Amino acid sequence: MDDRGVADTVLEVDYTFAWDYPFTLKHQNTSIVLLSGKGSGPFSGPAGAASVARELAKQLKPYRTTPPEP
């Protein structure tokens with residue numbers, strides 16, 4: 001999304017020394033943390049980004065709904 005201000009949720013990813021990529025998914029209007037976790041990527045931004053994506057998807061999976069059958 002180009003305009004963060006119109007998003008319902010915001011994913012914030014930080015970087016700590018060497019390989020930790022802690023993240024939080026927050027509700028935009030209330031700043032309530034909906035999910036949080038940590039990805040990892042030893043000295044690597046791309047590996048850290050992929051790890052964050054995997055961890056976020058894993059945590060969101062229980063909340064996904066199955067589309068109705070036609």
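It should be emphasised that the depicted structure is a prediction, and the values quoted were computed from it without experimental measurement.
A continuous path of Ile, Leu, Val, Met, Phe, Trp and Tyr side chains, each step under 4.5 Å between heavy atoms, connects L25 with Y15, placing both in one hydrophobic cluster. Transitive grouping of hydrophobic side chains (ILVMFWY, heavy atoms separated by less than 4.5 Å) keeps V52 and V33 in distinct clusters.
Rounding to the nearest 0.5 Å gives a distance of 7.0 Å between CZ of F23 and CG of L11. Between the OG1 atom of T24 and the CG atom of L34 there is a distance of 9.5 Å, given to the nearest 0.5 Å. Separating the CZ atom in R4 from the OG1 atom in T9 is a distance of 10.5 Å, to the nearest 0.5 Å.
Around the CG atom of D3, the shell of radius 6.0 Å holds more than 12 heavy atoms that belong to other residues, nucleotides or ligands.
For Q28 (side chain) and V10 (main-chain N/O), no donor-acceptor pair under 3.5 Å exists by modelled atom type. Between the side chain of S51 and the backbone N or O of S40, at least one donor-acceptor pair lies under 3.5 Å.
Between K26 and E12 there is a salt bridge, since at least one side-chain N of the basic residue sits less than 4.0 Å from a carboxylate O of the acidic one.
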